[in-house]
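Worksheet for the structure shown next.
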Amino acid sequence: MKVLYYLFIFRYFKENLSRTLLSIIAISLGIALFISTQINAWRAEQSVLDQMLGYSSEKFIGRYVANNQNQGANDKFLKELSSSVPENIKLEPEFQTKGTFYVTKEQILSFPIIGKDVILSFQVFTSKETKKKIPKYFLSQSLYEKIQLQKDTKKILICEREISVSQEDYQVIPLDGIFLVMDITRLQFICNQKKQITSIWLTQDENSINSQTINKINSPEWTYESKELIIERAGIALGSLKINLTIVSLVSVLISFFMVSNMFTGLYLARKHEYGILLSIGSDKINNFILFLAQSIVIGALGGMIGIFLGILIANTNLFTTVNTITDSNQIRSYRNIPLSIIISGFLISIIGSVLASLYNSYKTYKIHPIDLIRERDQSQTNIFFGFSKKNTLFLSILLIFIGVSLGLLSFAKQILPGMVGVGFVILGFVALNFLAIPSLVQILDKLFSKFHFPQSIKIGLKEIEMEPWKHGLTASTIMLSTSLVFTLTSLTSSYESSLIHWVDEENKSDYSLINEKKLNTGEPGVPVSLYESLKTVPEFSAVEPFYIDSKFIVNGKYYTLHVLNFENNYDKNQLIVSKNLCFLDQICKGDSITINTELNSKVAIKIQEEKDHFFSERGTIMMDYSFFQKNFSIKYLSSIRITKNKKLPEKKILNLLQDITKKYGLKFINQTELKKLYLEGMNQVFSILDTLKISALFISILALTTSLIYFIREKSQLLAGLKAIGMDSYQMFQLIYSQTLFLVTFGITSGIFSSFFLSPIVIFGINRNAFGWILNFQYPTNLVAKLPILIPVITFFICLIPFYFLKKMNISKELKYE
């Protein structure tokens, strides 16, 4: 039996290396996309977690957090806490702030500065390096790699004080993330916050058997957060983004397996006689079934292993990162560890997907009879799709599409499962339509061509497609899936772009915005509040408005985005406004009250007076008036200052004034057009991963079509050799291949466009609405559709080149020689 499997599987792979490699490449591309997106999504979640904690630790079980994170709270709470925790729980006070470092003159790196009791925490920072004294600073490996490119002495800005760090002062610790740890008393002194701490870590010894229940102490200045709560908050912050990436990557995997299923169809047709021979010499149907499945497992395993390697390579080379409004791309890139669960899931998907792709053809090998040895072709069948008749196939496809659209457009906050199921039903419906439409369309074309003098080579090529609708239906469905994915994702990004531009026009009607370009990438404010106060009285400006963003504003243990600006006069300035997507997702709506932690007045209950469309944060946006913000928070910097020019004064005078201001304060001013461009660049960074997925889907489709044509040449070698022998020249041969390819490409793309008409609304008004709460301005890429009549013939020509090369090299005498 081992010899049989070796001869039947590995010898075939060896003799048909090109076709086998194409199938393995298709699987590996799909798995690589899945692995790389999952790794980047995990790293993004880990970066959010580390932004909360500074760095993660296995010993960490929870913490008390000061309600005023900017100034912290007095450390006297430590004494009260120490008497209420079990003996095996250690308390580690921490003071955390932000540090900045100039990577270049124009680029600033922002990272957490963590003050700890270094003696107490020193076992955490083990290193191979040996030093005679405890270093002043402990740098994470990624931070060290970023700042070591500068001179020996580095300048780090901490609490607006420039601190010099020389080589003798620091030690590198082998932990992921970007952060710096130093002695807590030294950091408190630098920040002028003596005896103030921002959090108290609760850690448990590794030798402890079980975590003991923590008796929480209620305090007006402190809030307890368990490790589970913090991890859950990090997951919620990126949950929708991760799920959407998973959906898109799995669709790419699905395209890969459609191609592989097409390959297995060709493999079945090419080896059908061999299965009949095996039955004749004593094998049984079950052995045939297992033998075919074994081929799929081998191909799936090889494709999975290569895909995992490629996925890790793509993730580690940072070709694209998973970013949104609360993630830091520098922080994400600092991680190199990869969860084993992602690798295992990728490998299992490759195996299971390959088995499912081959299941139908495996079943057909089970149904083979020895008489199939003398049959030239399967007996004509009236069934089209898994045994259904034409009428039933049409009814089934319409029913699947109707159910898919109905499910996909259901509105459930944070529930994208109906949308996912809806997408699946629509895809199945169109796949069924493809199998039904291909033979019918060929018959229509055949009747049309008979009225005109079309070359016989074209008729032969189309007739071969009609005779094998299952095989060519899979090829067309692969092209349909990739086309539909491209058009649906393009529709999604175009809708986002249109909605974003509309939001900027509605939200910011000022002429110019003053920003700190260097701090823009860090997400930190950098425009002095003192400048805003001084500009309010400048006569050249008719209006000067503050604008402040906090992308990690916590309410009820969840992250939201806070926007601080001047409310219009018809709003109560002591109440809040929330975005409609926040109301949809978390039911925090007009008339409700929320309690927020403030710096100056501890906890404050505040009412929500209105909801409005606010296209900014996928988690929801809370809007607060600047006057109310000043009463409860203390800040020195704004995110930007919005300026409306005095229309009575010359434009040149106003521009000169703005140039003087920006030069003095190291800022930059931008107009409305540049502001929109800035927002669009941020959006494009988030969606850059989708462009990669679209390119990959197209590439897999081209592979699928090329493989199908190569199988056609191999399977019909005797027919093609006979046509060449009776005088068909190279041009006519190319016509035959080109007509088949043009039909499949045109049919697949057309089917993909029609399916995207149904899938785009599901993704935009179903999945996207339920995940993020937004109702986007729907846009469809009609300009791309208009270009297809020119692109399709050109694409078809290049696809045909490789199959035609094999056809050109065909040896007539060898192919016509019968054993």
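Scope of the values below: all heavy atoms of this structure, side chains included, with no hydrogens, waters or symmetry mates.
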query: Going through the checks in order, is the side chain to side chain contact (heavy atoms under 4.5 Å, CB included) test met by I190 and T97?
result: CA-CA 11 Å; I190 292 173; T97 186; over 6 Å; no

task: Evaluate side chain to side chain contact (heavy atoms under 4.5 Å, CB included) for T598 paired with F633, printing each intermediate quantity in order.
output: CA-CA 6 Å; T598 67; F633 297 91; 3.9 Å; yes

query: Between K631 and N574, is a side chain to side chain contact (heavy atoms under 4.5 Å, CB included) present by the stated rule, with each step listed?
result: CA-CA 10 Å; K631 296 175 185 176; N574 293 316; 3.4 Å; yes

- request: Evaluate side chain to side chain contact (heavy atoms under 4.5 Å, CB included) for I594 paired with V578, printing each intermediate quantity in order.
  value: CA-CA 11 Å; I594 60 173; V578 297; 5.9 Å; no

task: Before giving the answer on ring-ring contact (aromatic ring centres under 6.0 Å, His included), spell out for Y64 and W222 the whole-Å C-alpha distance, their side-chain angles and the decisive distance to 0.1 Å.
output: CA-CA 6 Å; Y64 280 88; W222 295 90; 7.2 Å; no

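Side-chain contact between K116 and F138: absent, with no pair of heavy atoms (C-beta onward) separated by less than 4.5 Å. Taking the side chain as every heavy atom from C-beta outward, E94 and I197 never approach each other to under 4.5 Å. Residues L514 and L531 meet the side-chain proximity criterion, which asks for heavy atoms closer than 4.5 Å. At least one side-chain heavy atom of Q196 sits less than 4.5 Å from a side-chain heavy atom of N74. Residues I596 and F553 are in side-chain contact: their nearest non-hydrogen atoms beyond the backbone lie under 4.5 Å apart. Inter-residue side-chain proximity for L638 and Y626 is flagged as met; some heavy-atom pair is nearer than 4.5 Å. Between T561 and I622 the shortest side-chain heavy-atom distance does not fall below 4.5 Å. M624 is not listed as a side-chain neighbour of N632, based on a closest heavy-atom distance of 4.5 Å or more.
Y137 meets the ring-ring contact (aromatic ring centres under 6.0 Å, His included) test with no other residue; sequence neighbours excluded. In this view, F628 satisfies the ring-ring contact (aromatic ring centres under 6.0 Å, His included) rule with no residue, not counting sequence neighbours. For K573, the side-chain contact (heavy atoms from CB on, under 4.5 Å) partners are F567, N569, D625, S627, not counting sequence neighbours. For the side-chain hydrogen bond (donor to acceptor under 3.5 Å, both in side chains) test, no residue two or more places apart in sequence or in another chain qualifies with Q415. Applying the side-chain contact (heavy atoms from CB on, under 4.5 Å) test to I156 and every residue at least two apart in sequence or in another chain returns F101, F111, I158, V165, L180. F347 meets the ring-ring contact (aromatic ring centres under 6.0 Å, His included) test with no other residue; sequence neighbours excluded. Qualifying side-chain contact (heavy atoms from CB on, under 4.5 Å) partners for T595, counting only residues two or more places apart in sequence or in other chains: K603, A605. Remark: F584 engages no residue in a ring-ring contact (aromatic ring centres under 6.0 Å, His included) (not counting sequence neighbours). S164 is linked by a side-chain contact (heavy atoms from CB on, under 4.5 Å) to T153, K155, counting only residues two or more places apart in sequence or in another chain. By the side-chain hydrogen bond (donor to acceptor under 3.5 Å, both in side chains) test, Y532 pairs with no residue at all, sequence neighbours left out. Remark: E80 engages no residue in a side-chain hydrogen bond (donor to acceptor under 3.5 Å, both in side chains) (not counting sequence neighbours).
Here the straight-line distance linking atom CD1 of I549 with atom CG of L562 works out to 9.5 Å at 0.5 Å rounding. In this structure, NZ in K136 is found 9.5 Å from CD1 in I163, a value given to the nearest 0.5 Å. Here the CD-CZ distance, from E517 to F669, works out to 12.0 Å after rounding to the nearest 0.5 Å. Atom CZ of F95 sits about 11.0 Å away from atom CD1 of I113, to the nearest 0.5 Å. To the nearest 0.5 Å, atom CZ of residue F772 and atom CD1 of residue I416 are 8.5 Å apart. In this structure, L565 CG and R642 CZ are separated by 6.0 Å, a value rounded to the nearest 0.5 Å.
Under the 3.5 Å distance criterion, the side-chain polar atoms of S579 are left unmatched by any main-chain donor or acceptor of H614. One N or O on the side chain of T198 and one on the backbone of Q96 form a donor-acceptor pair closer than 3.5 Å.
No side-chain N or O of Y637 forms a donor-acceptor pair with one of N516 less than 3.5 Å apart.
Taking all atoms of both residues into account, the shortest heavy-atom contact from I342 to Q38 is CD1-O, 3.6 Å.
For residues 166-204, the pairs satisfying disulfide (SG to SG under 2.5 Å) are C159-C191, with sequence neighbours left out.
Few gaps surround NZ on K536; more than 12 heavy atoms of other groups in view lie less than 6.0 Å from it.
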